[in-house]
Amino acid sequence: MIKAVNTIRLKKGTVDEVADKFNKAKAVHTFDGFVLMEVLIKENTEEFDEIQVCTTWEDHASFEAWRESRATKKAHAAQNNPKEDKAESPILGTELTTYEVHVQHHPAE
């Protein structure tokens, strides 16, 4: 398994607005190889807000297939819609990191 972590830095005061967009399940939840999604809100930040969107996948191939599918959809949407004003975006920056899930412990039954 792998875990993909998208760290998103946000303008201060916008974390709830952005995090709430992940409350409802979207297409990723139905994609082959998808295991789990978690959205983490960093506590005690001063200069900016930060969330991490963590998805767990059965393997790299499943994650990459989803990314390619998503990139294709975004490219088609960009052709059909005028660009949004970037000044209005709460996102200051993003960083995607992947990890191999080496060990997982679950509660004892």
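Since the model is a prediction, treat every value here as computed from it, not as a measurement. No hydrogens, no waters, no symmetry mates; every other heavy atom, side chains included, goes into these values.
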Task: 4.5 Å side-chain heavy-atom contact, Lys42 and Asp49 - done: no
Open item on the list: Rounded at 0.5 Å granularity, tell me how far NE2 in His29 sits from OG1 in Thr55.
Closed with: 9.5 Å
Task: Neighbour count >12 (heavy atoms, 6.0 Å) for atom NZ, Lys24 - done: no
Open item on the list: Is it the case that the side chains of Lys12 and Thr45 hold a donor-acceptor pair, with the cut-off being a distance below 3.5 Å and no angle test?
Closed with: yes
Open item on the list: One pair to check against side chain to side chain contact (heavy atoms under 4.5 Å, CB included): Leu92 and Lys11. What are the steps and the verdict?
Closed with: CA-CA 6 Å; Leu92 300 173; Lys11 293 177 184 175; 3.8 Å; yes
Open item on the list: Any heavy-atom pair between the side chains of Ser62 and Phe31 that's under 4.5 Å?
Closed with: no
TODO: Kindly indicate whether the side chain of Glu50, heavy atoms from C-beta on, has any atom under 4.5 Å from the side chain of Thr7.
DONE: yes
TODO: Kindly state whether the ring of Trp66 and the ring of Phe34 have centres lying under 6.0 angstrom apart.
DONE: no
Open item on the list: Membership question, hydrophobic clusters at under 4.5 Å side-chain separation (ILVMFWY): are Met1 and Phe63 in the same one?
Closed with: no
TODO: Return yes when atom CG of Asp32 has more than 12 non-hydrogen atoms of other residues, nucleotides or ligands closer than 6.0 Å, and no otherwise.
DONE: no
TODO: Might you confirm whether atom NZ of Lys3 has over 12 heavy atoms from other residues, nucleotides or ligands at distances under 6.0 Å?
DONE: yes
- [ ] Please examine the side chains of Leu10 and Ile91, heavy atoms only from C-beta on, and report whether any two atoms are closer than 4.5 Å.
- [x] yes
Open item on the list: Taking the side chain as everything from C-beta on, heavy atoms only, tell me whether Val53 gets closer than 4.5 Å to Phe22.
Closed with: yes
Task: Atom pair CD (Glu64) and CG (Asp59), whose distance is rounded to the nearest 0.5 Å - done: 10.5 Å
